[in-house]
> 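Mind having a look at this structure? Questions to follow.
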Protein chains: 2
Amino acid sequence: MTDLLTVARLAGVSRATAARAFSEPEKVREATRDKVYAASEAVGFRPNYVARQLRTQSTRIIGVMLPTLCNPLFSEQLQAMEQVARAGGYSLMVATTDYDAERESAVMENMLRQRVDGLVLTVADAQQSACLALLEREPLPVVLVHNPAAAPHFITVSVDNHQAMYQATGRLLDLGHRHIGMIAGPVQQSDRARLRYQGYCQAMTNAGMSPLPLIEMAHHTRADTRLLLPWLGPEQKLTALICSNDLLALSAIGCLQRQGYRVPEQISVMGFDGIALGEMLCPSLSSVVQPQQELGQVAMESVLGLIAGAVISSRRLDFTLRQGESIARARF
Amino acid sequence: MTDLLTVARLAGVSRATAARAFSEPEKVREATRDKVYAASEAVGFRPNYVARQLRTQSTRIIGVMLPTLCNPLFSEQLQAMEQVARAGGYSLMVATTDYDAERESAVMENMLRQRVDGLVLTVADAQQSACLALLEREPLPVVLVHNPAAAPHFITVSVDNHQAMYQATGRLLDLGHRHIGMIAGPVQQSDRARLRYQGYCQAMTNAGMSPLPLIEMAHHTRADTRLLLPWLGPEQKLTALICSNDLLALSAIGCLQRQGYRVPEQISVMGFDGIALGEMLCPSLSSVVQPQQELGQVAMESVLGLIAGAVISSRRLDFTLRQGESIARARF
DNA sequence: TTGTACGCGTTATCAG
DNA sequence: CTGATAACGCGTACAA
């Protein structure tokens with residue numbers, strides 16, 4: 001792991017020439033270049049990116065901050081981002097925050113010190129995010145994913161969560177459902193969950209019904225039977241359940257079936273996100289499909305664009321309603 | 001984003017003192033320290049880790065290389081690793097390889113140039129991995145996850161895949177199954193899949209049966225009904241299916257149910273990995289449970305240990321068989 | 001085309 | 001406790 005000087009000496013050239021052989025090969029005569037390469041093979045030389053980064057003031061690293069990797073939505077998005085980044089010659093520094101604002105700030109600070117060239121983040125709540133406030137003063141290229149495009153200072157890539165949940169609820173209403181409940185994870189942690197609940201409320205209200213209070217689970221990814229049962233009793237007899245994400249929906253279906261309910265015959269369940277697995281199971285999951293890969297791709301392309309000095313604007317991506325087997329017409 | 005010298009001047013101290021205020025605060029008088037901090041606030045100074053990395057020859061970055069993030073096994077493992085790393089003051093550089101040996105080598109080379117302090121990797125096939133061969137000559141701390149501890153040069157954290165699948169198959173045999181098929185993704189891509197198939201074969205042979213050829217799917221994460229059906233016809237009437245991973249198992253159950261088969265009444269299905277979702281669905285998935293978080297934790301602790309100069313050895317972690325509702329006694 | 005020389009922002013090593 | 005100075009490894013004017 002020696003340095004360029006050693007290589008240069010062995011190759012019988014100056015250090016500058018050796019350096020050029022790596023960073024600007026076309027500016028070095030072929031014979032000279034080969035000598036340099038041979039020499040670096042011999043001594044096991046490998047360019048030191050840290051030194052290069054210091055010198056060029058550019059790390060070619062993108063910082064990626066996500067709430068969690070337990071939700072396939074985020075992990076597939078990360079996978080897509082990584083591919084775009086690598087194709088563009090960038091590496092990824094990754095951190096998760098578990099929807100914790102303090103961790104968000106700590107992660108951010110660390111990435112800024114690392115001098116990442118850009119940032120792609122999904123914060124828990126863009127409205128009251130200390131780390132976004134901090135970022136406003138930084139000249140760093142930043143792209144938000146999923147967060148509502150509230151902060152006009154930031155480029156955002158997202159779907160319209162409010163509208164999506166409005167339509168999803170509408171689908172259930174169209175099927176004749178009147179007793180529709182909505183479940184979510186800890187909702188004050190997530191601005192998207194709030195938007196989705198608002199979408200649900202508006203759909204209910206527009207249809208002349210009063211929205212039910214949100215059924216809030218302790219985890220973002222697992223439904224709790226005990227919190228579900230009261231809504232299925234004789235008093236509050238839900239015929240449909242709409243969920244803030246697919247993992248919640250799938251585990252809710254599991255809970256219901258385990259309690260002897262048949263889905264969708266006795267109760268319809270609708271998810272949100274459109275994770276791949278939902279399509280394969282039986283009954284297949286009805287869901288709002290977010291273009292997960294595209295979200296990651298567009299977000300990464302946007303930061304890279306910003307870094308390259310291009311003019312980039314926020315993007316609203318299209319969602320679709322996937323008609324699965326987990327919902328059916330309401331009957332009495 | 002100014003530098004230490006600016007801060008020092010403003011604070012009326014030397015650059016060395018300003019530096020110490022950050023890296024060794026206890027060696028600076030409190031009054032001086034405060035002046036430095038005040039000055040750095042004023043000019044918006046933030047320590048430059050790149051410069052520090054160059055000087056100290058240590059990046060406090062761990063490179064993590066995984067086949068894919070689409071399998072929750074890997075993404076949850078990554079999440080666990082990230083937490084341990086952050087707690088230890090390390091950051092993560094993450095890349096995926098999609099089981100492609102060339103991408104493995106490219107990713108590796110990039111991480112070496114980035115001067116990561118250590119590496120945690122899962123390669124497609126440890127036996128014939130160009131990047132592992134390359135690594136043997138490097139003095140870098142490396143920990144392999146999941147790969148069989150074949151290469152004695154490397155610390156490995158894994159479960160015994162062969163033994164696990166042997167026992168899982170045994171469980172089906174104990175339930176009276178005789179026609180047990182195994183499905184997997186592209187098997188030549190993964191040394192684990194091969195080991196698991198061997199475990200299956202040995203269990204079958206020991207029980208006096210001849211193992212069936214592997215049913216190989218095009219994707220690691222999705223079963224294909226068309227490839228499954230021939231094994232359910234009158235000639236090859238399987239009563240149990242054992243799968244190389246849980247996503248394959250869950251999608252296989254979906255395929256079967258969609259074809260009108262009842263699980264487990266008509267056919268038992270067993271998975272491998274023990275992803276969280278499997279437990280929530282109905283029928284719940286019988287599976288070999290790998291300690292996903294522990295795998296990540298132990299792996300990360302091991303590299304950090306190696307970096308710290310501790311003596312670390314390979315670890316075999318325990319797996320368990322989860323008895324789910326997807327398997328039942330064979331009947332005729 | 002190749003070589004010389006400087007600086008990127010920090011920490012380590014001394015000396016005071 | 002504080003200050004001066006030399007690296008760390010590389011890129012890149014500028015000169016030859």
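Keep in mind that what you see is a predicted model, and the values were worked out from it rather than measured. Per chain, numbering begins at 1; letters A, B, ... match sequence-line order.
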> What side-chain donor-acceptor pairs closer than 3.5 Å can you find for residues 302-311 of chain B, not counting sequence neighbours?
| residue | atom | partner | partner atom | Å |
| --- | --- | --- | --- | --- |
| B:S302 | OG | B:V298 | O | 2.7 |

> Take the protein atom CD of A:Q114 and the nucleotide atom C1' of C:dG9, then report the distance between them rounded to whole Å.
14 Å
> Check nucleotides 11-13 of chain C for protein N or O atoms closer than 3.5 Å to its own N or O atoms and list the pairs.
| residue | atom | partner | partner atom | Å |
| --- | --- | --- | --- | --- |
| C:dT11 | OP1 | B:R52 | NE | 2.8 |
| C:dT11 | OP1 | B:R52 | NH2 | 3.1 |
| C:dT11 | O2 | B:R55 | NH1 | 2.5 |
| C:dA12 | O4' | B:R55 | NH2 | 3.3 |

> The criterion is side-chain contact (heavy atoms from CB on, under 4.5 Å); which residues satisfy it with B:A42, sequence neighbours excluded?
B:L10
> Does anything in residues 290-299 of chain A pair up under side chain to side chain donor-acceptor pair (under 3.5 Å), and if so which pairs, sequence neighbours excluded?
A:D273-A:Q290
> Taking only N and O in the side chain of A:T17, is any of them less than 4.0 Å away from OP1 or OP2 of C:dT2?
no
> Could A:R46 and B:E138 be called an ion pair, given the rule that one side-chain N must be under 4.0 Å from one carboxylate O?
yes
> List the residues meeting salt bridge (charged side-chain N to carboxylate O under 4.0 Å, His left out) with A:R113, not counting sequence neighbours, and say none if there are none.
A:E109
> Please report the distance, rounded to the nearest Å, between CD in A:Q53 and P in C:dG9.
14 Å
> Mind checking if A:V50 touches a base, just sugar-phosphate, or nothing, with heavy atoms under 4.0 Å?
nothing
> Mind jotting down which residue pairs meet the side chain to side chain donor-acceptor pair (under 3.5 Å) criterion with at least one end in residues 76-89 of chain A? Sequence neighbours excluded, please.
A:Q77-A:H146, A:Q79-B:T68, A:E82-A:R86, A:E82-B:T96
> If I take atom CD in residue B:E26 and atom P in nucleotide D:dT2, what distance separates them, rounded to the nearest angstrom?
13 Å
> Determine all donor-acceptor pairs shorter than 3.5 Å in which one atom belongs to a side chain in residues 30-39 of chain A; sequence neighbours excluded.
| residue | atom | partner | partner atom | Å |
| --- | --- | --- | --- | --- |
| A:R33 | NE | A:P25 | O | 3.3 |
| A:Y37 | OH | A:A21 | O | 2.7 |

> Write down the distance between CZ (A:F45) and P (D:dG9), rounded to a whole number of angstrom.
10 Å
> Through what angle, rounded to 10 degrees, does the axis of the helix from C:dT1-D:dA16 to C:dG16-D:dC1 turn between its ends, using five pairs per end?
30°
> Consider the side chain of A:N48, meaning its heavy atoms from C-beta on, and name the nucleotide among D:dC10, C:dG3, C:dT10 that approaches it most closely.
D:dC10
> Mind checking what makes side-chain contact (heavy atoms from CB on, under 4.5 Å) contact with A:A85, not counting sequence neighbours?
A:Y90, A:L92, A:M300
> Counting N and O atoms only, with roles assigned by atom type, does the side chain of A:D98 sit under 3.5 Å from a partner on the main chain of A:D100, one being a donor and the other an acceptor?
no
> Reading DNA chain D from 5' onward, which residue's closest nucleotide shows up sooner: B:A18 or B:Q57?
B:A18
> Under 4.0 Å from OP1 or OP2 of C:dT2: is there any side-chain N or O of A:T32 that close?
yes
